[in-house]
Amino acid sequence: MPERSQIATSFFSSPGSPAVEWRIEPGFLPYPQALSFMESHAEAIRSEGASELVWLVEHPPLYTSGTSARVEDLIDPGRFPVFAAGRGGEYTYHGPGQRVAYVMLDLKRRRTDVRAFVAALEAWIIRTLDSFNVKGERREDRVGVWVQRLDRPPTADGSVAEDKIAAIGIRMRKWVSFHGISINVEPDLTHFGGIVPCGVQDHGVTSLVDLGLPVTMNDLDVALKASFEEVFGPAILTETPKQTALHSIAG
């Protein structure tokens, strides 16, 4: 089986498919409402041929647990609300200053290969970081995107120190994806201290601002869209509907 770094990451849809809808949710979105909307939209893609969607959100501070989460990795369960996400992976943190991109794509219109899809998500993140002159790297034994920290002493085994800057956690149902990626722009990194992020104890967590880059959320959003189109094809920015997931579900 080839390593993810050797997998072709072009994930364009079949000819004639419409562009992906690209939506940016204002404010801080409560996590249960994000879950409800993703479930309903993924079902609409499957059963009604609804448009594929990338949905950019920010959440208030919270932890989520994936299907492989271990109880002992939740170090401080009373610190923030904890939600069972239903995605793959372990514990992660979401909060202000972190861009979450929920990716609802129909792989039947693209490639029915989950491993290649994860590699494509990594490639999307790496291309985005490259636009800020940040060298993001994948690791075969760890999902997500990592940066080397040459400004810090080597680890105990002599290897270069590394921090995680972006996480990936997806769920697939009848070849329609939901959940997605998160990239740290300027979150409070101490908030990760309530969990063992993604079950990895030997490495830290960083952000673009922590790396010394004065990047705004809007800067990242522009770079994310450009890089997404290089990997997945055209995306059209749409206004968040007046009856957004936030309002329709809350109501």
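All values below were derived from every heavy atom in this structure, side-chain atoms included, with hydrogens, water molecules and symmetry-related copies excluded.
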Just so I know, are the side chains of [X] and [Y] near enough to count as touching, which here means a heavy-atom distance under 4.5 Å?
X: Met104; Y: Val54; value: no
X: His94; Y: Ser182; value: yes
X: Val196; Y: Ile75; value: yes
X: Phe83; Y: Ser65; value: no
X: Leu53; Y: Phe37; value: yes
X: Leu213; Y: Asn133; value: no
X: Pro61; Y: Pro96; value: yes
X: Met38; Y: His179; value: yes

Got a sec, which pairs hit side-chain hydrogen bond (donor to acceptor under 3.5 Å, both in side chains) with one end in residues 208-221, sequence neighbours left out?
-> Arg99-Asp221, Arg149-Asp210, Thr206-Asp210, Thr216-Asp219
Pair Glu162 + Arg142: basic N to acidic O under 4.0 Å | yes
Charged N-O contact under 4.0 Å between Arg23 and Glu25 = no
Heavy-atom closest pair, residues [X] and [Y]:
X: Ala116; Y: Ile7; answer: CB-CG2, 3.7 Å
X: Leu56; Y: Ala101; answer: CD2-CB, 3.4 Å
X: Pro153; Y: Ala161; answer: O-CB, 3.7 Å
X: Arg79; Y: Gly194; answer: NH1-N, 3.5 Å
X: Val143; Y: Trp146; answer: O-NE1, 4.1 Å
X: Leu105; Y: Phe117; answer: CD1-CE1, 4.0 Å

Can you check whether [Y]'s main-chain N or O pairs, donor with acceptor, with [X]'s side chain at less than 3.5 Å?
X: Glu229; Y: Ala235; result: yes
X: Glu137; Y: Val147; result: no
X: Asp163; Y: Gly204; result: yes
X: Glu39; Y: Ser36; result: no
X: Arg110; Y: Ser10; result: no

How many angstroms lie between atom [atom1] of [X] and atom [atom2] of [Y], to the nearest 0.5 angstrom?
X: Arg171; Y: Phe178; atom1: CZ; atom2: CZ; result: 4.5 Å
X: Glu48; Y: His41; atom1: CD; atom2: NE2; result: 9.5 Å
X: Gln148; Y: Lys135; atom1: CD; atom2: NZ; result: 8.0 Å
X: Ile195; Y: Arg70; atom1: CD1; atom2: CZ; result: 12.0 Å
X: Ile125; Y: Ile165; atom1: CD1; atom2: CD1; result: 10.0 Å

Under 4.5 Å between side-chain heavy atoms, hopping through other hydrophobics if needed: is there a path connecting [X] to [Y]?
X: Met172; Y: Val231; value: yes
X: Val209; Y: Val222; value: no
X: Leu107; Y: Ile181; value: yes
X: Ile45; Y: Phe12; value: no
X: Ile236; Y: Val103; value: no

Please test Val20 against Phe232 for side chain to side chain contact (heavy atoms under 4.5 Å, CB included), starting from the C-alpha separation and ending with a verdict.
-> CA-CA 9 Å; Val20 175; Phe232 293 96; 5.8 Å; no
Could you pull out all residues at least two apart from [X] that satisfy side-chain contact (heavy atoms from CB on, under 4.5 Å)?
X: Ser227; value: Trp124, Arg127, Thr128
X: Val82; value: Tyr63, Leu74, Tyr91
X: Asp157; value: Thr155, Ser159

Could you please spell out the steps behind the side chain to side chain contact (heavy atoms under 4.5 Å, CB included) verdict for Val100 and Trp55?
-> CA-CA 8 Å; Val100 178; Trp55 188 27; over 6 Å; no
[X] side chain to [Y] side chain, donor-acceptor N/O pair below 3.5 angstrom:
X: Tyr93; Y: His191; value: yes
X: Ser207; Y: Glu186; value: no
X: Ser51; Y: Glu21; value: yes

side-chain hydrogen bond (donor to acceptor under 3.5 Å, both in side chains) against Arg46, all qualifying residues, sequence neighbours excluded | Glu43
Kindly determine whether Leu224 and Ile183 satisfy side chain to side chain contact (heavy atoms under 4.5 Å, CB included), including the steps that lead there.
-> CA-CA 10 Å; Leu224 274 170; Ile183 300 179; 3.8 Å; yes
Which residues share a salt bridge (Lys or Arg N to Asp or Glu O under 4.0 Å) with Arg87, sequence neighbours left out = none
Step-by-step side chain to side chain contact (heavy atoms under 4.5 Å, CB included) determination, Arg138 to Ile126 = CA-CA 8 Å; Arg138 49 167 65 87; Ile126 289 168; 4.3 Å; yes
Parallel, tilted or perpendicular for Tyr31 and His59, by the 30°/60° rule?
-> perpendicular
